[in-house]
Colleague: 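One structure is given below, represented as C-alpha cells, and several questions about it will come after.
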Amino acid sequence: MSSEPRNAVIFDLDGVLTDTAHFHFIAWQKIAHQVGVEFGEAENEALKGIDRMRSLEMILSRSDMTFTDAEVFALAEQKNTHYQSLIAEMTPDDVFPGVNTLIQGLKAEGFGLGVASVSKNAEFVLTRIGLLDEFEFVADAAKIKNTKPDPEIFLTVASALSVPPEQCIGIEDSQAGVTAIKAANMPAIGVGSADTLTQADTIVARTGDITPALITQWLNK
Ligand code: BG6
Ligand code: MG
C-alpha cells in the first residue's frame, strides 16, 4: 500500500518564533557604532538571516578602520557575549502570541515540523522559550556551510524530516531567508512587510496570523 508523503513546515527562529531578531539588532548596532558605522533598521534588515561572521564582515566592510584577524574574531566574540546576555533570561512568555496554537494545530494535522536557523544559539533560545521538544528536527548551524540566502539549511531540514522540498513550506522574517526558501523550491510565507519580503508567496504581519489552512492552501497551489 503506498501512502502520500506528508508535508512539513520549516520555521526560521529569530523574528519568527520569538523576538530575538531585536536582540541581534541591539548587539550588532553596538559593534557597528564602535567601528564608526551607521546602523539603523535598514542596515539591520540586510543582516537578518545571515550568519555571525558574514554579518560582521558586512559591517566591517563599511568601516574606515582596518582589522587584524584576531580583532575580527574578538569583535565576533564581543557581539555574541552581548547577545547571550540579552537572551539569558528568556522564558516561555517570550514566544510570539499564537505560535503555540499554530504548532499544536499543525501537529494535530500531521505536519512534520523543523527549524532552520543559522544561529549557533538556536538550541539555547528554543530551550529557554520551551519550544525545543516541539520540533522533530532543529538544524545545527555549526554544520551548515552556506548561510542564507543559500538554500542549504532548508534542504538539510527537509531531508532530515524525510519530506521532499516541494512538500515543505518555509516561514521567514528575513529577505535572505525568503530567498533561501524559494531557492529550495518551497513556498515562502513572509512574516513582516511586503515592501521588504518581496519574494515571499504570501505575507502575514505576525507569525500568529498563520493558520494550518493558510499553509495547506499554499502547499496545494
Ligand atoms: C540569524 C539571525 O538567525 O542568526 C542573524 O537572523 C544572526 O541576525 C544569525 O546574526 C547568527 O546568530 P548567532 O547566534 O550564531 O550569532
Ligand atoms: Mg529571522
Side-chain angles (χ1 to χ4, degrees), residues 9-32 37 39-61 72-88 90 94-96 99 114-129 131-132 135 138-154 156-157 169-182 184 188-193 196-197 199-200 203-208 210:
V9 183
I10 305 180
F11 292 82
D12 175 44
L13 167 63
D14 298 320
V16 167
L17 298 176
T18 184
D19 200 14
T20 35
H22 184 63
F23 293 148
H24 282 295
F25 173 52
I26 292 170
W28 280 131
Q29 190 177 50
K30 183 149 191 243
I31 297 289
V37 166
F39 196 86
E41 293 286 350
E43 290 80 9
N44 184 56
E45 210 54 56
L47 292 195
K48 285 185 182 171
I50 310 290
D51 70 19
R52 194 182 310 157
M53 289 314 291
R54 180 71 194 124
S55 298
L56 181 56
E57 281 169 18
M58 286 166 73
I59 292 170
L60 298 185
S61 71
V72 173
F73 184 78
L75 286 169
E77 283 291 298
Q78 186 191 323
K79 186 270 174 180
N80 193 46
T81 302
H82 185 188
Y83 177 70
Q84 287 181 333
S85 74
L86 298 172
I87 60 177
M90 291 185 83
D94 292 307
V95 176
F96 277 142
V99 165
V115 174
S117 169
V118 299
S119 171
K120 295 192 171 76
N121 292 294
E123 194 170 316
F124 177 85
V125 170
L126 286 168
T127 303
R128 290 284 331 168
I129 64 176
L131 288 186
L132 187 65
F135 296 97
V138 176
D140 178 355
K143 293 187 180 149
I144 301 297
K145 293 193 188 67
N146 304 294
T147 190
K148 299 167 188 175
D150 191 283
E152 179 183 346
I153 194 164
F154 284 96
T156 299
V157 176
I169 189 163
I171 305 178
E172 263 288 349
D173 69 318
S174 71
Q175 292 168 349
V178 168
T179 303
I181 294 170
K182 297 310 298 173
I189 299 181
V191 178
S193 149
T196 314
L197 305 174
Q199 284 184 278
I203 299 274
V204 292
R206 286 165 295 274
T207 311
I210 301 170

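FYI, side chains are in, hydrogens and waters are out, and symmetry mates aren't considered; it's all heavy atoms of this structure. Counting starts at 1 for both ligands and their atoms, following the listed order.
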Colleague: Geometry only, no angles: is Asp14 polar-contacting ligand 1 at N/O separations under 3.5 Å?
Modeller: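 For ligand 1, there is an N or O atom that lies under 3.5 Å from one belonging to Asp14.
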Colleague: Compare Thr147, Asn80, Ile50 and give the one whose heavy atom is closest to atom 10 (O) of ligand 1.
Modeller: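 Looking at heavy atoms only, the winner is Ile50.
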Colleague: Please confirm whether Asp51 comes within less than 3.5 Å of ligand 1 when only nitrogen or oxygen atoms on both sides are compared.
Modeller: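 Checking ligand 1 against Asp51, no N or O pair falls under 3.5 Å apart.
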Colleague: Of all heavy-atom pairs between Val72 and Leu56, which one has the smallest distance, and what is that distance?
Modeller: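 So the minimum-distance heavy-atom pair works out to O-CD2, 3.2 Å.
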Colleague: Are any of the side-chain heavy atoms of Asn44 and Gln29 separated by less than 4.5 Å?
Modeller: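 Counting from C-beta outward, Asn44 and Gln29 never come under 4.5 Å.
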Colleague: With a cut-off of 6.0 Å (strictly less than), are more than 12 heavy atoms of other residues, nucleotides or ligands near CD of Glu43?
Modeller: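 Enclosed.
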Colleague: Does Asp94 come within less than 4.0 Å of Arg128, counting only side-chain N to carboxylate O?
Modeller: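 No, Asp94 and Arg128 are not salt-bridged.
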Colleague: Give the numbers and elements of all ligand 1 atoms closer than 4.0 Å to a heavy atom of Gly49.
Modeller: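 Reading through ligand 1 atom by atom, the close ones are 2 (C), 5 (C), 6 (O).
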Colleague: Is any N or O atom of Ser119, backbone or side chain, closer than 3.5 Å to an N or O atom of ligand 1?
Modeller: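 Looking only at distances, the answer is yes, because the N/O contact criterion of under 3.5 Å is met.
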Colleague: If you measure every N/O of Asn121 against every N/O of ligand 1, is any gap under 3.5 Å?
Modeller: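 So ligand 1 has an N or O lying under 3.5 Å from an N or O of Asn121.
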Colleague: For Trp28, counting its heavy atoms only, list the atoms of ligand 1 lying under 4.0 Å from any of them.
Modeller: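 Counting from 1, the qualifying ligand atoms are 10 (O).
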Colleague: Restricting to N/O/S atoms, is Glu172 within less than 2.8 Å of the Mg ion (ligand 2) or not?
Modeller: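 Not a single backbone or side-chain N, O or S atom of Glu172 is under 2.8 Å from the Mg ion (ligand 2).
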Colleague: At a 4.0 Å threshold, what atoms of ligand 1 neighbour a non-hydrogen atom of Ser117?
Modeller: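 Once the distances to Ser117 are compared, the set is 3 (O).
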Colleague: Can you tell me if Lys148 uses its side chain to pair, donor with acceptor, with the backbone of Ile153 under 3.5 Å?
Modeller: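 Answer holds: no.
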Colleague: Closest N/O/S atom of Asp12 to the Mg ion (ligand 2), by atom name?
Modeller: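 So the atom name we want here is OD2.
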Colleague: Considering distance alone, does some N or O of Lys48 sit under 3.5 Å from an N or O of ligand 1?
Modeller: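 Checking ligand 1 against Lys48, no N or O pair falls under 3.5 Å apart.
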Colleague: In ligand 1, which numbered atoms sit nearer than 4.0 Å to a non-hydrogen atom of Lys120?
Modeller: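 The list of qualifying atoms is 13 (P), 14 (O), 15 (O).
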Colleague: As a test of reading the structure, name the N/O/S atom of Asp173 that is nearest the Mg ion (ligand 2).
Modeller: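 That would be atom OD1.
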Colleague: Which protein heavy atom lies closest to atom 16 (O) of ligand 1, and at what distance to 0.1 Å?
Modeller: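 Ranking protein heavy atoms by distance from atom 16 (O) of ligand 1, first comes Arg52 NE, 2.7 Å.
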Colleague: Measure across Phe11 and Leu17 and return the closest heavy-atom pair with its distance rounded to 0.1 Å.
Modeller: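 Where Phe11 meets Leu17 most closely, the heavy atoms are CD2-CD2, 3.6 Å.
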Colleague: Taking side chain as C-beta onward, heavy atoms only, is Thr179 less than 4.5 Å from Glu172?
Modeller: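 The answer is no; the side chains never approach within 4.5 Å.
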Colleague: Write down the atom of Ser117, the atom of Leu13, and the distance for their closest heavy-atom approach.
Modeller: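 For Ser117 and Leu13, the tightest heavy-atom pair comes out as CB-CB, 3.8 Å.
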Colleague: Looking at Asp14, which of its N, O or S atoms is the nearest one to the Mg ion (ligand 2)?
Modeller: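 Going through the N, O and S atoms of Asp14 one by one, O ends up nearest to the Mg ion (ligand 2).
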Colleague: Could you check whether any side-chain heavy atom of Met58 comes within less than 4.5 Å of a side-chain heavy atom of Ile50, counting everything from C-beta outward?
Modeller: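 A side-chain contact under 4.5 Å exists here.
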Colleague: When you check the side-chain N and O atoms of Asn121 and Gln84, is any donor under 3.5 Å from an acceptor?
Modeller: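 A pair is found: one side chain offers a donor N or O, the other an acceptor, under 3.5 Å apart.
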